S.K.: 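My structure is below; once you've seen it, I'll send some questions.
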Amino acid sequence: MSEQLPTTFDPAKIEARWYQHWEEKGLFRPERPDAEPFTIVNPPPNVTGSLHIGHALDNTLQDIVIRYERLRGKDALWVVGTDHAGIATQMVVERQLEEKQDKRTNYSREDFIKKVWEWKEESGGTITRQLRRLGCSMDWSREQFTMDEHFTDAVLKTFVDLYNAKDEVGNRLNLIYRDKRLVNWDPKLKTAISDLEVETQDVKGSFWHFKYPLEDGVTLADGRDYIEVATTRPETMLADMAVAVHPSDERYASVVGKRVVLPITGRRVPIVADEHADPELGSGAVKITPGHDFNDFEVGKRAGFAAGEMLNMLTGDGDVCQTADGLVPDEFLGLHRFKRDGTNGARELVVERLKEAGLLIPHIAKTKKGEEVEHDAEPRTIATPFGDRGGVVIEPWLTDQWYVDAEKLAAKPIEQVRSGEIEIVPATWEKTFFNWMENIQPWCVSRQLWWGHRIPAWYGPTIVDRSDRGEGERDLVWDFSSDDVVIGTSQPCFVAETFEEASNLCEEYFRKHGFTRPIEFREVTDLHVGHLIPTSGDNRIPLRRDPDVLDTWFSSALWPFATLGWPNDTDLVQKHFPNNLLISGFDILFFWDARMMMMGQYNMGQAPWPKLYLHGLVRAADGAKMSKSKGNVVDPLGLIDQYGADALRFFMAAMESQGRDIKMDDERVKGYRNFATKLWNATRFCQSNGIGASSTLAAPEARLAANQWIIGEVQQTVEKLESAMADLRFDAAANTIYHFTWDRFCDWYLELIKPVFAEGASETALEETRAVAGWVLDQILVMLHPFMPFITEELWHAQGELAGTSRAEYPIITAKWPSPRAEVSKAATDAIDWVIDLTSNVRSAKNELGIPPGTKLAAFLPEASDLASNTIERSSAAIERLARLTPLTLSEAPSGPAMQVTAKAGNAGDVFIIPLEGIIDIGEEKARLEKALAASQKEAKSLEGRLGNANFVERAKPEAVEKAKADFAHHSAEAERLASALERLG
RNA sequence: GGGCGUAUAGCUCAGUGGUAGAGCACUGUAUUGACAUUGCAGGGGUCGGGAGUUCAACUCUCUCUACGCCCACCA
């Protein structure tokens, strides 16, 4: 930039430009075939998504790491892509159809999916554009999508492999299997969901007590002819199949094995003994609805009901349907399970009918006045399950679904975390991880959706033996008549990656069962019932593919290797798997991280990464969780517009201490914008003084104390930064570079070297200082680059142009990480520390005495330490400029009122005498000295006390005793000095 | 019911077995070339309560209190 930089840094002017430059030049993925690889994968955001503040945090941290490793010369790869997000995406597209009074079911499955793809092409790029605005240096050239062809191959292969997996002796492990059991069913989305997608919320509800009449002639021990049961879900009584009591409950011992006659349906159901019934609770008897309650399902199984026998009284929409025994009265059919949109449902009608029949036991409540009032039910807070996407109450529903045996897959990851093979940072999450993994339940992976990876399973016809009818052949029949209720397990199922392979499996199966005719197959999607008629029509055998798709997390679990090209053994997989680190929010520890561990282990035989970093949530300024419904969502793009991406990123880094959520604080973001401006202006200062780019990685030769000192400071900063990064302490890393830049470089170094640029300074000094200052600024830019990529790139180039060495071909994003390799003399650093101490003390004293800071004061130093005399000789200009002591005389001060100011030199100090005649009221100086004296005395006394404690001297660490002694010596000398100074003032 | 986390300056947060730090806010002050999106100086905390271990506790242990989160089938 030959033109002068403007005074104020305007992020908007440079961000887009540099991002485009990096991307176009392929700098996110520089060619480094021989370098050590470093790999992270981005948690793929939903393709429907837009960037929220949590993404901003997550991606900032990852970008810091990847830019840092890239600068350190690694072959750094940050894999990026988006997730097809089955439910979420399908919902978005369905909602759009609804807006046009249209709906999904007006389309064929194929056409609908085509629409989703179209939508993805149109709008799926939102979040990736926004990630670019944040400055994320991902490898876009290999952008992934979980439904890309190669990714789909990986998903299908994994599914088939898990299905076919066998142990050493060839027994099927059933790592994936189909089972009929209760699932969490979302009646709004009409799909099964996994346990993790269920959110339990406390809801105000009611607790009803009913009488279930005992069958004729049966009574309880106390003579009652009914059993009292209580429930929060009366509507499910239409599908009750038993009443359970505790085996040891005396009250009911006589009726176990007898039956009750259920009201409304008249169904006679057994009274069973089961541990599940808690005698302490309510009446001790509990109604059992195995088809609509998880506990009851288990009780039902124990009572001897097969899953297929368990009554179902609800449709997938949550409406009442007829049970298999046909006992649900007509008036209930078609009602919703409970009140919805103000219309009563089955729940309300059941209560009404029972009340009419005198079978409702009212709840007696007392008013404040002590009067007894009857209510239909007892009010109660009920922990109610909701679907996290659909937002409606989950219905346990009996269906056939595909399950992953997570318990088997979890074993190895548990071991890996326990052994440290996988490190979780912060480690406090390990317990949570173990707690979940060790109690893990089968993972329901099938979803009744259209958008997603279709399950690679085909169902074939059932073989029916017709030999009894003299046909001498077996026939095949099929019933593909329903899409709502998934096909029964009775039909043979063939799991394979393709239809052809499934056909082969099917043929094998038929041959094994004595089917001898020539066989051809066809894949059917239509719904119909039929049987093979050998002589007419299309006699190819139909195979129907499972209509369901897989849980989105099933595919994203493969992300660390499928994105690299697995299962094809590509170079990328070789080089970049396992990844080096995973950064994710703790909220997806179970959803994603744990599943990656399982699938990484299963498919690749090892952990997907050795380290897992979990960060917290970004909360609103008041500490509340951000949510659309609360309207407290902070848009990261708004912050970028206002303060720049660099400031937002730096905020995220500086606030990211391990194990804590981040509270949003705009003022702080603004503060980091100010920091950027500060750096911007420091660079302007350098520009205007002929300070430019450095051509060396190692620190330039330096003889001047200030230059040596700053080189030493850079060295320390690099070390601190590296150590913070190694520990993934983003806050410490950010603060290190922040304070070095502002406090050390801007506030002291630039001030120290200003005299060099004054007229009359030596040419050698000027040259050296320019070289050092330019080098230091370069190091700052590189160290800061991972945090603030845009401004550092801009200033990097501003530096280079001035020095006449164009950096057009050498951007900072691929620059080299600092490696000062410098020897810094202690004498030099001591000298500058001395100047800084002196300056601060003079300024402080002046301030307290009300002397204007600009005032130049004459000073006398009667007894100069070696450090003092050398420093005064070599750095007089700096002392004059900063401390404003001039003239400075190395001799006794003339008599008269004066103030004393010290500069620390070793344990002692140099005491400057500054005459105050005509400058200030002596009283003020006396007050100042008295205050300092009191402080010194207090310190000295406290230390004296400690040193007087025999226990301390004997038992404390020797270093601690030494330090206490030294501190005591220092403070008592200081007190003495101040006391005599006071005395002199009179 | 189980598990975890957090309580430090007005606010948001770091931190260490030897008697506390940052940013913002606050107070005073400074302005003719890097920067008022600034400089300089300063005030402010018995580190949630209690007990214990220790020569020494804000730091380790126990306990209490408050708040938050996760998991769990109470009909």
Side-chain angles (χ1 to χ4, degrees), chain A residues 4-5 7-9 195-196 200 207 229-233 236 244 276-278 280-289 293-299 380 382-383 385 396 426 428-432 434-436 439 586-587 589-590 616-617 619 621 623-625 643 647 651 654-655 657 659-668 670-689 729 731-732 735 738-739 746-747 750-751 754 839-840 843-848 850 852-854 939 942-943 946 949-957 959-961 963-964 967:
Chain A
Q4 189 75 18
L5 292 166
T7 18
T8 306
F9 165 50
D195 298 348
L196 283 176
T200 307
F207 193 48
V229 294
T231 182
T232 56
R233 296 211 56 194
T236 61
H276 169 67
D278 183 349
E280 304 295 314
L281 272 170
S283 64
V286 56
K287 72 193 253 325
I288 300 298
T289 321
D293 182 282
F294 287 102
N295 286 317
D296 294 3
F297 181 78
E298 296 303 321
V299 176
R380 217 183 236 221
I382 300 161
T428 48
W429 284 104
E430 282 180 8
K431 271 201 177 170
T432 308
F434 290 135
N435 186 38
W436 188 70
N439 298 293
F586 66 73
D587 51 329
L589 172 60
F590 304 147
L617 255 47
R619 297 178 168 276
K625 207 167 167 174
Y643 301 113
F651 167 80
M655 299 305 287
S657 58
R660 205 193 253 264
D661 287 347
I662 292 178
K663 268 184 209 159
M664 204 50 232
D665 181 357
D666 285 22
E667 281 304 301
R668 193 135 179 172
K670 186 171 153 190
Y672 292 125
R673 187 275 317 264
N674 295 355
F675 172 60
T677 303
K678 183 77 183 173
L679 178 66
W680 182 268
N681 279 301
T683 307
R684 288 179 60 231
F685 170 79
C686 291
Q687 274 193 334
S688 61
N689 285 292
R729 287 306 305 246
D731 54 345
N735 287 328
Y738 178 94
H739 284 113
C746 292
D747 288 347
L750 292 184
E751 294 305 322
K754 274 179 182 171
T839 304
S840 303
R843 285 172 177 169
S844 180
K846 276 182 172 170
N847 205 285
E848 283 178 58
E939 278 296 314
S942 151
L943 288 160
R946 204 189 306 175
N949 180 345
N951 275 327
F952 173 70
V953 181
E954 282 163 27
R955 307 173 77 155
K957 284 177 296 190
E959 309 93 85
V961 179
K963 184 168 183 300
D967 287 353

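In what follows, every chain begins at residue 1, and chains take the letters A, B, ... in the order their sequences are listed. Please read all numbers here as calculations on a predicted model, not as lab measurements.
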S.K.: Kindly give the heavy-atom pair with the smallest separation between A/V961 and A/F952, and that separation in Å.
M.R.: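 Closest approach of A/V961 to A/F952, heavy atoms only: CG2-O, 4.0 Å.
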
S.K.: Which heavy atom of A/A621 sits nearest to which heavy atom of A/K663, and what is that distance?
M.R.: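 Scanning both residues completely, I find the closest heavy atoms to be O-CD, 3.9 Å.
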
S.K.: Pick from A/T232, A/I382, A/T231: which one makes a side-chain contact (heavy atoms from CB on, under 4.5 Å) with A/F207?
M.R.: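 Result: among A/T232, A/I382, A/T231, A/T232 is the only option passing the side-chain contact (heavy atoms from CB on, under 4.5 Å) with A/F207.
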
S.K.: Is the terminal nitrogen or CZ of A/K678 (NZ for Lys, CZ for Arg) located under 6.0 angstrom from the six-membered ring centre of A/F9 and within 45° of that ring's axis?
M.R.: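 Here A/K678 fails the 6.0 Å and 45° test against A/F9.
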
S.K.: Just how far, in rounded Å, is C1' of B/A56 from CZ of A/F952?
M.R.: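 The answer, rounded to whole Å, is 8 Å.
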
S.K.: Please round to the nearest 0.5 Å and tell me the distance separating atom CG of A/D661 and atom NZ of A/K625.
M.R.: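 That separation rounds to 9.0 Å.
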
S.K.: Distance between the C1' atoms of B/G43 and B/G68, in whole angstroms?
M.R.: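 Here B/G43 and B/G68 have their C1' atoms 33 Å from each other.
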
S.K.: By the 4.0 Å heavy-atom rule, please label A/E751 as base, sugar-phosphate, or nothing.
M.R.: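 Result for A/E751 = base.
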
S.K.: Below 3.5 Å, does any donor atom in the side chain of A/K754 face an acceptor in the base of B/A34, or the other way round?
M.R.: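 Pair found.
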
S.K.: Roughly, in whole Å, what's the span from NZ in A/K963 to C1' in B/G18?
M.R.: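 After rounding, the gap between these two atoms is 8 Å.
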
S.K.: How many Å lie between CG on A/N295 and C1' on B/A75, as a whole number?
M.R.: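 Rounded to whole Å, this separation is 8 Å.
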
S.K.: In the 5'-to-3' direction, what one-character label does each nucleotide of nucleotides 37-48 of chain B receive under the scheme B = base within less than 4.0 Å of a protein heavy atom, S = sugar-phosphate only, - = no such atom?
M.R.: BSSSSS------

S.K.: When we call it a touch if two heavy atoms are under 4.0 Å apart, what does A/K957 touch: a base, just sugar-phosphate, or nothing?
M.R.: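 If one applies the 4.0 Å heavy-atom cut-off, A/K957 turns out to touch a base.
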
S.K.: With no hydrogens and no angle check, do the side chains of A/K287 and A/T289 hold a donor and an acceptor under 3.5 Å apart?
M.R.: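 Result is yes, a qualifying pair exists.
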
S.K.: Rounded to whole Å, how long is the line connecting atom OH of A/Y738 with atom P of B/A22?
M.R.: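 Atom-to-atom, A/Y738 to B/A22, this comes out as 12 Å.
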
S.K.: Say we look at B/U31 and B/G39: how far apart would their C1' atoms be, to the nearest angstrom?
M.R.: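 It works out to 9 Å between them.
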
S.K.: Which is true for A/A964 with a 4.0 Å heavy-atom rule: it touches a base, it touches only sugar-phosphate, or it touches nothing?
M.R.: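 Since no nucleic acid heavy atom lies under 4.0 Å of A/A964, the category is nothing.
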
S.K.: Taking atom NZ of A/K754 as the centre, report whether more than 12 heavy atoms of other residues, nucleotides or ligands fall under 6.0 Å from it.
M.R.: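 Atom NZ in A/K754 is crowded, with more than 12 foreign heavy atoms closer than 6.0 Å.
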
S.K.: Would you mind building the protein contact string for nucleotides 4-14 of chain B? One character per nucleotide, 5' to 3', B for base within reach (heavy atoms under 4.0 Å), S for sugar-phosphate only, - for untouched.
M.R.: SSSS----BSS

S.K.: Taking B/U65 as the reference, what is the distance to B/C26 when you measure between their P atoms (whole Å, please)?
M.R.: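 Nearest-Å result for B/C26 against B/U65 at atom P: 39 Å.
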
S.K.: Aromatic ring centroids of A/Y738 and A/F675 under 6.0 Å?
M.R.: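 Yes, close enough.
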
S.K.: Can you tell me if A/S844 uses its side chain to pair, donor with acceptor, with the backbone of A/S840 under 3.5 Å?
M.R.: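 Checked: no pair found.
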
S.K.: Looking at residues at least two apart in the chain, or sitting in another chain, which of them share a side-chain hydrogen bond (donor to acceptor under 3.5 Å, both in side chains) with A/N689?
M.R.: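 side-chain hydrogen bond (donor to acceptor under 3.5 Å, both in side chains) check on A/N689 returns nothing, list empty.
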
S.K.: So, under a plain 3.5 Å distance rule, would you say the side chain of A/E280 forms a donor-acceptor pair with the base of B/A75?
M.R.: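 No pair found.
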
S.K.: For B/U32 and B/A20, measure between their P atoms and round to the nearest Å.
M.R.: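 Approximately 39 Å lies between the P atom of B/U32 and that of B/A20.
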
S.K.: Grab the CG-C1' distance between A/N689 and B/C35 for me, whole Å please.
M.R.: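 Rounded to the whole Å, the gap is 14 Å.
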
S.K.: Roughly how many Å is it from CG in A/L196 to C1' in B/C70, rounded to a whole number?
M.R.: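 Those two atoms, CG and C1', are 11 Å apart.
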
S.K.: Tell me: CZ of A/R955 to C1' of B/U54, nearest whole Å?
M.R.: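 The distance from CZ of A/R955 to C1' of B/U54 comes to 8 Å, rounded to the nearest Å.
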
S.K.: Work out how far the P atom of B/A14 is from that of B/C60, and round it to whole angstrom.
M.R.: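 To the nearest whole Å, 15 Å.
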
S.K.: Between B/G1 and B/C11, how many Å separate the two P atoms, rounded to a whole number?
M.R.: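 Nearest-Å result for B/G1 against B/C11 at atom P: 33 Å.
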
S.K.: Say we look at B/C62 and B/G5: how far apart would their P atoms be, to the nearest angstrom?
M.R.: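 Nearest-Å result for B/C62 against B/G5 at atom P: 11 Å.
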
S.K.: Quantified in whole Å, what is the P atom distance between nucleotide B/G44 and nucleotide B/A9?
M.R.: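 Each nucleotide's P atom is 15 Å from the other's.
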
S.K.: Rounded to whole angstrom units, what separation is found between the CH2 atom of A/W680 and the C1' atom of B/A36?
M.R.: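 For the pair A/W680 CH2 and B/A36 C1', the rounded distance is 18 Å.
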
S.K.: Looking at residues at least two apart in the chain, or sitting in another chain, which of them share a side-chain hydrogen bond (donor to acceptor under 3.5 Å, both in side chains) with A/D665?
M.R.: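 A/D665 satisfies side-chain hydrogen bond (donor to acceptor under 3.5 Å, both in side chains) with no residue once adjacent residues are dropped.
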
S.K.: Checking A/N295 side chain against A/H276 main chain: does a donor-acceptor pair fall under 3.5 Å?
M.R.: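 Flag not set: sc A/N295 to bb A/H276 has no pair under 3.5 Å.
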
S.K.: Does A/F294 or A/T7 map to a spot on RNA chain B nearer the 5' end, using the closest nucleotide for each?
M.R.: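 Checking each residue's closest nucleotide, the 5'-ward one belongs to A/T7.
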
S.K.: So what is the 5' to 3' dot-bracket string for RNA chain B, if pairs are Watson-Crick or G-U wobble with both distances under 3.5 Å, crossing pairs use [ ] and | means the partner sits on another strand?
M.R.: (((((((..((((....[..)))).(((((.......))))).....(((((..]....))))))))))))....

S.K.: Between B/C55, B/C71, B/A34, which one does the side chain of A/F590 approach most closely?
M.R.: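 For A/F590, the side-chain atoms sit closest to B/C71.
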
S.K.: With sequence neighbours excluded, what pairs up with A/R946 under the salt bridge (Lys or Arg N to Asp or Glu O under 4.0 Å) test?
M.R.: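 Listed in chain order: nothing, the list is empty.
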
